[in-house]
Amino acid sequence: MDKNHGQNGSGTSHDHSTSRNSHNKKSKEHGNHDGHGDHHGAMVADFRRRFWVALILTIPILALSPMIQDFLGIRNLMAFPGDHIVLFVLSTFLYFYGGKPFLLGIVREVRTRDFGMMTLIAIAITVAFVYSVAVTFRLPGEVLYWELATLITVMLLGHWLEMRSISGASRALESLVKLMPSVAHRVSGNGSVEDMSVEQIDKDDVVLVKPGEKIPVDGKVVEGESSVNEAMITGESTPVYKGEQSDVVGGSVNGEGSLKIQVTRTGEESYLSQMINLVREAQQGKSKTQVLANRAAVWLTAVALIGGAITITVWYLILGAEFVFAIERTVTVMVIACPHALGLAIPLVIAVSTSLSASRGLLIKKRPAFESARKIQAILFDKTGTLTEGKFGISDVVALAEDFDEEKILLWAASVESHSEHPIAKAIYESSPHTLPVKDFKAIAGRGAQGQVEGKEVMAVSPAFVKEKKISYDEKNVLTLLESGKTVIFLIVNNRAVGAIALMDIIRSESKEAISRLKEMGIKTIMITGDNRK
């Protein structure tokens, strides 16, 4: 295959030493994309670790708590000298280690004046801890370390489950980042090529993209022609022809020709970076249920504080009870006002529903949209890879010359295409049980392939090439195929059109059943596709 390595073209000279700041900035931007998934994963791991530590500590805290011992009737079995100090030490560690996310959370919510679940949890565990410490060393009453421990453990479990449930969106983010190559071939003003990190490429630089490589940047073709697979953008598996002045997107895959591309967008301006930002914004959004829970937490916080104030006022100031008696009931009211179920039920629902969806092939990126799914009236299907298999299959073979039948057309076309990596070429090659030897194979960039078969010049090319070279053929036999929107490849032997092969994306076997069942449910089905209108 001619890889056009010797191409020389215009390049823009650029002093990279003067743009070190912009390089650093772009490196940070790229690092943010990579680091976001790592950060999310680290947070999930952190909550998991804190939950297991809290769970392990909760067992001895419950066993050593006098109230739990009395309830189970085991105080005589579990009590030992200094047990209250052991209980205090374990609970203190749990309060600061397990409660750290909530203590930091209340600081954050107070600063932003956006009160929610963190405020409610932090107040409850702090009141329980401070009161219990006072009882341990001086104040008469019953310690509430067991309430502190169970509350922290349950809330850590809830937050861990919630964060884990959205990790699918983070993995999608990481996969988007991996679409971009890390190295680019920069072409200098004198035509020399230098390999450098993509972060070091600036706007208006010229980069060389060799056959089969991923395009590293968004830009415009200034030299060369090729076909480019843009499935990562459009979902369409059919490669798109690119010539001079054609726009290309970073992350798409170059085909059989070499391209020189002038960079038009870098860093956060690039198409892929914008896609990454969209996914990030989507996964950071809260569901309606979470918003409702946070709103309820604000009211419950107010109820806890007001309820506590009313309790101590009534018992101590109005009824004249002892201060110790009044404060014990005040703390009890404030701790009970923080519901364990509210912090656990919602994350559990999110985790289970997201997990069930993922097991059935649904990736939830926006939870508010997922919650509204029960109201769906219409579904828009992508075509390629969804309703279809996303790969070509031969639907028709038309003979245009008497000395070539369908079998011979496929044999000769498959022989030439056997040397090409193009998706259409692969489909034709796989359709023939065997092939003939080919000499002097060459790829015709964006148009097809050619070579010698049995001493004859054979080409498998697109209709555009046939039109360009003004090769005549019986149009009425091929017109139906072209009008139906199928992809047509002509077999040209010694500059004579001898056959045409029509290909189309193969429909998935389960598509018909899925569409039928949706229609039975009264849901309208619509197809969206990047195909031509025909």
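In what follows, residues are counted from 1 in the order of the sequence shown.
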[X] [atom1] to [Y] [atom2] distance, which is reported to the nearest 0.5 Å:
X      : Y      : atom1 : atom2 : result
Gln452 : Gln450 : CD    : CD    : 9.5 Å
Ile506 : Ser395 : CD1   : OG    : 10.0 Å
Phe51  : Leu157 : CZ    : CG    : 4.5 Å
Leu259 : Glu244 : CG    : CD    : 10.5 Å
Ser432 : Leu410 : OG    : CG    : 6.5 Å
Ile523 : Ile526 : CD1   : CD1   : 11.5 Å

Nearest heavy-atom neighbours spanning [X] and [Y]:
X      : Y      : answer
Gly257 : Ser226 : N-OG, 3.1 Å
Val183 : Pro216 : O-CB, 4.3 Å
Leu482 : Pro463 : CD2-CG, 4.1 Å
Pro101 : Leu156 : CG-CD2, 4.3 Å
Val416 : Val438 : N-CG2, 4.1 Å
Asp202 : Val263 : O-CB, 3.6 Å

Check: [X] side chain, [Y] main-chain N or O, donor-acceptor pair, under 3.5 Å:
X      : Y      : result
Lys242 : Asp247 : yes
Asn494 : Glu457 : yes
Glu213 : Lys210 : yes
Glu109 : Thr119 : yes
Ser418 : Ser415 : yes
Thr388 : Lys383 : yes

**Message:** For Tyr429, give me all partners under ring pair (Phe, Tyr, Trp, His ring centres under 6.0 Å), at least two apart in sequence or on another chain.
**Reply:** none
**Item:** Contacts of type ring pair (Phe, Tyr, Trp, His ring centres under 6.0 Å), residue Phe465, not counting sequence neighbours
**Value:**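 Phe465 satisfies ring pair (Phe, Tyr, Trp, His ring centres under 6.0 Å) with no other residue.
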Close side-chain approach of [X] and [Y], heavy atoms under 4.5 Å:
X      : Y      : result
Val458 : Leu491 : yes
Thr264 : Gln262 : no
His185 : Val209 : no
Phe102 : Leu151 : no
Lys524 : Gln377 : no
Ile428 : Leu503 : yes
Trp160 : Val44  : yes
Val466 : Val461 : yes

**Prompt:** Taking the inter-plane angle between the rings of Tyr473 and Phe490 on a 0 to 90° scale, is it parallel (under 30°), tilted (30 to 60°) or perpendicular (over 60°)?
**Reply:** tilted
**Request:** Determine, step by step, whether Leu400 and Val498 satisfy the side chain to side chain contact (heavy atoms under 4.5 Å, CB included) criterion, reporting the C-alpha distance in whole Å, the side-chain angles of both residues, the deciding distance to 0.1 Å, and the verdict.
**Result:** CA-CA 5 Å; Leu400 300 175; Val498 299; 5.6 Å; no
**Message:** Once salt bridge (charged side-chain N to carboxylate O under 4.0 Å, His left out) is applied, do any residues pair with Arg49, and if so which ones, sequence neighbours excluded?
**Reply:**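 Expected list: Asp46.
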**Asked** Stepwise, does the side chain to side chain contact (heavy atoms under 4.5 Å, CB included) test hold for Leu411 with His434?
**Response** CA-CA 7 Å; Leu411 174 62; His434 61 279; 3.7 Å; yes
Sequence neighbours left out, what passes side-chain contact (heavy atoms from CB on, under 4.5 Å) with [X]? Give chain and number order.
X      : result
Lys512 : Ser516
Asn495 : Ile471
Tyr241 : Glu225, Arg447

**Request:** Quick one: do Ile501 and Glu417 satisfy side chain to side chain contact (heavy atoms under 4.5 Å, CB included)? Show the steps, please.
**Result:** CA-CA 13 Å; Ile501 301 171; Glu417 299 286 32; over 6 Å; no
**Prompt:** Under the side chain to side chain contact (heavy atoms under 4.5 Å, CB included) criterion, do Ile515 and Leu387 qualify, and how do the steps go?
**Reply:** CA-CA 9 Å; Ile515 300 298; Leu387 296 177; 4.1 Å; yes
Tell me if the [atom1] atom of [X] is crowded by more than 12 foreign heavy atoms within 6.0 Å.
X      : atom1 : result
Ile507 : CD1   : no
Glu510 : CD    : yes
Lys220 : NZ    : yes

